[in-house]
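The structure appears right after this line, and notes come after that.
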Protein chains: 2
Amino acid sequence: MSQTSIPSRTKQTSGVVAAGERARTSEKKSSVSVTVRPVRKAYEQVSDQLRELIMVGELEPGARLPNEAMLATEFGVSRATIREALRALTAQNLIRTVKGGGGGSYVTVPSVDHISEFVHANLNLLSDTRNVSLEELLEARELLEVPAARLAAERQHNGGCAALNAAIPEEPERLGTADQFVYNTDFHTAVVKLCGNALLGIAVQPIFSVLQTNLARSSLGRSFHLAINRHHRAIAEAIAAGDGDGAEREMRDHLAYLRPYYESAWRSAERVVARA
Amino acid sequence: MSQTSIPSRTKQTSGVVAAGERARTSEKKSSVSVTVRPVRKAYEQVSDQLRELIMVGELEPGARLPNEAMLATEFGVSRATIREALRALTAQNLIRTVKGGGGGSYVTVPSVDHISEFVHANLNLLSDTRNVSLEELLEARELLEVPAARLAAERQHNGGCAALNAAIPEEPERLGTADQFVYNTDFHTAVVKLCGNALLGIAVQPIFSVLQTNLARSSLGRSFHLAINRHHRAIAEAIAAGDGDGAEREMRDHLAYLRPYYESAWRSAERVVARA
DNA sequence: CACACAATGAATGTCTGACATATAACGCTG
DNA sequence: CAGCGTTATATGTCAGACATTCATTGTGTG
């Protein structure tokens with residue numbers, strides 16, 4: 001694969017601005033409110049510039065950027081600095097680096113899953129810190145999943161429902177709690193997938209995960225799981241029948257049924273937080 | 001502030017597993033399907049372990065983790081490796097590092113805005129790559145903003161509407177296109193904020209931004225902007241009147257009106273992509 | 001006594017150069 | 001032509017040094 005040379009406008013200005021130069025430059029227009037951080041760290045400048053190139057499309061997905069040594073000389077910094085910048089980009093899933101000959105850093109094609117994963121992680125933290133309320137989570141979920149169920153019903157290309165049924169256990173009585181949760185997750189994931197809108201998946205998946213994580217900490221009776229299974233079956237049937245109204249209603253009822261359980265699990269989690 | 005010592009279970013096993021050791025360990029159970037990447041890079045192992053500590057809550061927000069030198073000895077790797085791991089965590093907004101005395105790496109309290117920003121960036125890429133369709137964007141937006149308008153109307157604590165009115169220009173005729181876009185963005189942001197669910201903001205904001213970015217590339221007549229303003233005013237009035245049904249209807253109509261414009265802008269963007 | 005200012009120390013930021021390791025591509029040999 | 005070692009080219013990791021920043025502490029002066 002050919003080496004993509006980094007498109008540096010003037011070869012002179014493309015480098016990193018050292019602290020000294022930067023200070024001299026910014027003191028020219030010294031109005032009262034200067035930005036708080038006049039010095040940008042070198043690795044930040046590098047990652048910023050590379051990120052910009054990627055976002056603007058100057059570096060297309062799949063493109064390979066120059067090796068670290070070249071980048072170092074181009075930007076006028078050391079290889080260590082370049083590497084720190086690359087790690088940042090990697091963490092944002094903008095590039096992927098492979099070792100060995102013909103290796104290097106390649107611009108990644110972004111994936112829905114990665115976004116979802118990131119949102120999930122951060123939502124988890126947000127909910128741990130109580131910066132987001134249970135009420136918001138439940139409300140958002142309802143706002144998303146209820147229409148999703150409707151859309152799934154209205155658009156079901158027959159055959160897609162197989163995934164739905166696969167996510168409903170034949171003999172729920174014989175499953176442990178952990179397995180039940182797996183099935184539940186699969187089911188809701190399947191519904192959202194079936195609705196055909198990837199963006200909804202990005203939003204629903206993390207919200208569901210966070211709720212589920214909290215719920216998993218509380219102990220739930222067998223009857224609970226059986227009820228869930230009944231609901232899921234009803235929803236699946238409505239979707240399979242192409243009955244949008246029915247799917248919407250069943251899903252709404254299902255979520256309403258779940259609400260008190262989430263609330264109690266959430267409260268006990270609160271005690272744990274308070275204790276610490 | 002006191003130095004948080006890293007909770008290492010046994011002091012011996014907390015380190016990084018070198019390639020050699022790892023290989024020896026994993027060849028014990030050499031079934032046919034080994035995972036594709038048996039060697040985890042050192043900086044990944046470090047960032048993984050630290051991330052885990054943060055996510056589980058072992059390191060609470062605001063906590064300060066050991067300095068880089070200590071981390072290096074604790075993990076049994078060089079400082080450079082530690083730093084690369086820290087950059088990854090920084091990029092994910094899990095920590096923040098400050099220079100100088102009393103500096104170090106602090107666990108960040110996550111913010112809604114940062115999540116939104118990340119989603120926006122990635123959504124932009126997704127749409128550039130045509131991995132997400134305009135139809136999905138518009139549909140998701142309708143699914144989110146229409147209920148948001150209703151909720152805003154039903155929950156308006158009087159006084160919150162000030163932000164709404166502030167986002168509607170008095171004399172739209174005198175504004176340039178760029179300014180108009182600023183107002184539009186502010187208006188929709190205000191509606192979502194007013195609905196009181198931060199999660200919706202996380203989802204709506206990026207979607208709106210992506211759509212807007214595409215729209216900004218096409219040229220729009222004065223009459224378009226005036227119509228938008230009329231719609232906004234109608235929505236704001238319904239919300240201020242606490243009329244949930246009205247707000248929902250106005251918002252739906254508004255989005256329906258916009259649709260063809262987005263579609264035409266999207267098509268012309270496609271030509272640009274195809275040309276490249 | 002209070003306040004401005006210089007010295008100190010602790011931390012991150014950056015550079016240099018070296019060596020280790022993985023992998024694709026080349027070329028040799030049978 | 002197939003198989004296999006070799007090599008070139010990357011990234012991965014280490015060690016140590018020096019630069020820079022910033023809170024704290026100490027000092028001197030009004």
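Residue numbering restarts at 1 for every chain, and letters A, B, ... go by the order of the sequence lines.
Rounded to a whole Å, the CD1 atom of I95(B) is 16 Å from the P atom of dA11(C). Between R64(A) atom CZ and dT23(C) atom P there is a gap of 15 Å when expressed in whole angstrom units. In this structure, CZ of R96(A) is placed 18 Å from P of dA22(C), rounded to the nearest angstrom. The separation between K99(B) atom NZ and dG13(C) atom C1' is 5 Å, rounded to whole Å. Between the CG atom of N67(A) and the P atom of dG12(D) there is a distance of 12 Å, rounded to whole Å. Rounded to whole Å, atom P of dG12(D) lies 14 Å from atom CD1 of I82(A).
If you run side chain to side chain contact (heavy atoms under 4.5 Å, CB included) between L50(B) and each of L94(B), L86(B), I95(B), only L86(B) comes through.
Taken to the nearest 0.5 Å, the OG1 atom of T81(B) stands 12.0 Å off from the CG atom of L71(B). Interatomic distance, CG of L126(B) versus CD1 of I115(A), reported as 4.5 Å (0.5 Å rounding).
Taking the side chain as every heavy atom from C-beta outward, L211(B) and L134(B) approach each other to under 4.5 Å. Proximity of R141(B) to V204(B): side-chain heavy atoms (C-beta onward) are nowhere separated by under 4.5 Å.
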Are any protein N/O atoms closer than 3.5 Å to N/O atoms in nucleotides 3-5 of chain D? If there are, list each pair with its distance.
none

Distances under 3.5 Å between nitrogen or oxygen atoms of protein and nucleotides 13-15 of chain D:
| unit_1 | atom_1 | unit_2 | atom_2 | d |
| --- | --- | --- | --- | --- |
| dT13(D) | OP1 | A42(B) | N | 2.4 |
| dC14(D) | OP2 | S78(B) | N | 2.9 |
| dC14(D) | OP2 | S78(B) | OG | 3.3 |
| dC14(D) | OP2 | T81(B) | OG1 | 2.6 |

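As judged by a 4.0 angstrom heavy-atom cut-off over every strand, G104(A) is placed among residues touching the sugar-phosphate backbone only.
L137(A) and I207(A) get closest at one heavy-atom pair: O-CG2, 3.7 Å. Closest of all the heavy-atom pairs between V46(B) and A85(B) is CG1-CB, 3.6 Å.
Sequence order on DNA chain D of the closest nucleotides to G102(B) and T97(A) puts T97(A) first from the 5' end.
For residues 193-214 of chain B, the ring pair (Phe, Tyr, Trp, His ring centres under 6.0 Å) pairs, not counting sequence neighbours, are H188(B)-F208(B).
Ring geometry for F118(B) versus F118(A): interplanar angle under 30°, hence parallel rather than tilted (30 to 60°).
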